[in-house]
Amino acid sequence: MPGPAELDTLHERINGWFDETARKLPWREPACSPWGILVSEVMLQQTPVVRVLPVWHEWLERWPTPAGLAGEPAGEAVRRWGRLGYPRRALRLHAAAVAITEDHNGKVPNTYVELLALPGVGSYTAAAVAAFAYGRRETVVDTNIRRVHARLVSGTALPAQALTAAEMRLATGLLPASDSSSVRWNAAVMELGALLCTARAPKCAACPVNDLCAWRAAGGPPSSYVPKGQAWHGTDRQVRGAVMAVLRLADMPVPAEMFHREPADLGFAPAGIGLPLAALHRLNSAPEQLERALAGLLADGLAEMHGDGYRLPA
DNA sequence: AACGCGTGGAT
DNA sequence: TATCCAAGCGT
């Protein structure tokens, strides 16, 4: 843990670097509503900024307030989520909009505890919204901040595989004293991790605190563990994704046999879903895997039965 | 605590 | 081409 003097230096340099070089993002504009910030935070969970930007603009134009989204079927949120990935985030964001409308008079709550109670809002997102939308001094810890702390302070290439209590204490200890400085600090460290102190090829030469970095001082030792990548090909997730691509494009329930049989065997396909349906069949997944994927989507509320067909939740 | 959950750009 | 990984959450 850095001493008080070094802490001041870190705050000054990293916040200064942020002021000069931060990306201009719509949810960072002073005029952005707390709702706009909440939507951005959920969309940014595991999805890069460049892919979020266009969808975020569409959402805020279509649903400028939580009540606007709450007034539509959950399936519409899933459809407009497009290809951001992890579509249950859309479902939960819709549920959060309903909760905000019904329980918070249509206004995004401004405390960590109330935010944390919203569907799809965990410790990171609750702290981020409290800080960035309401100017509160919160301990915001995301994957970028964890990595910067791991290198700068702890001297390791990567943070632990799971978020630890020690990391939270460290992050709290590093926080500037004032509300305004702490808000900027949270955004700045995150930005540093996103732009310079990246997972794979960190741009240490451009880093404003490279002379204070414990990891660099130690000669940049490699990580003590090998992060295991997520499997994709042949997984249920891949099949679920392909099914969801069909449902997003369908404007009527898709008969179960459409998923199980080649379109050529059926002799017809509903307008508009030929391409994603072909992509699904190209996976050539076993019937039981397809069943598992469809059942999973129903269980998660991402799809529902209507007659003998599947559709997004109405 | 470890796992499942989408997607696509970068390397 | 294959692998990595991105502002996590819920169970």
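To find a chain, count down the sequence lines: A is the first, B the second, and so on, and within it residues start at 1.
Not a single side chain to side chain donor-acceptor pair (under 3.5 Å) links W81(A) to another residue, sequence neighbours left out.
Taking every heavy atom of residues 12-42 of chain A and every atom of DNA chain B, no pair lies under 4.0 Å.
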Sugar-phosphate or base contact per nucleotide [nucleotides 1-11 of chain B; S, B, -; heavy atom under 4.0 Å]: --SBBBBS---
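Residue-level contact check: A201(A) touches neither bases nor backbone, having no heavy atom under 4.0 Å from any strand. Here R147(A) lies in heavy-atom contact (under 4.0 Å) with sugar-phosphate atoms only. A128(A) comes within 4.0 angstrom of nothing in the nucleic acid, heavy atoms only.
Taking atom P in both dA7(C) and dC5(B), the straight-line distance is 23 Å, to the nearest Å. Taking atom P on both nucleotides, dT11(C) is separated from dG6(B) by 14 Å, rounded to a whole Å.
The line from CG of L192(A) to NZ of K203(A) is 11.0 Å long, rounded to the nearest 0.5 Å. Distance check, rounded to the nearest 0.5 Å: CG of D19(A) to CZ of R184(A) gives 4.5 Å.
Read 5' to 3', the first and last nucleotides of DNA chain C with an atom closer than 4.0 Å to a heavy atom of chain A are dC4(C) to dG10(C).
Grouping Ile, Leu, Val, Met, Phe, Trp and Tyr by side-chain contacts under 4.5 Å, direct or through others, puts M168(A) with V141(A), L163(A).
Between L297(A) and Y310(A), the closest side-chain pair of non-hydrogen atoms is not below 4.5 Å. Between T235(A) and V239(A) the shortest side-chain heavy-atom distance does not fall below 4.5 Å.
Using a 3.5 Å distance cut-off with no hydrogens or angles, the side chains of T21(A) and W17(A) do pair a donor with an acceptor. A donor and an acceptor atom, one from each side chain of Q289(A) and D236(A), are located under 3.5 Å apart. E291(A) and H260(A) share a donor-acceptor pair across their side chains, judged by distance under 3.5 Å alone.
The only member of L10(A), D8(A), L212(A) that meets side-chain contact (heavy atoms from CB on, under 4.5 Å) when paired with P2(A) is L10(A).
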Show the atom names and distances, to 0.1 Å, of all donor-acceptor pairs under 3.5 Å that link a side chain in residues 119-129 of chain A to residues at least two apart or in another chain.
residue : atom : partner : partner atom : Å
Y124(A) : OH   : E41(A)  : OE1          : 2.7
T125(A) : OG1  : Q45(A)  : NE2          : 2.9

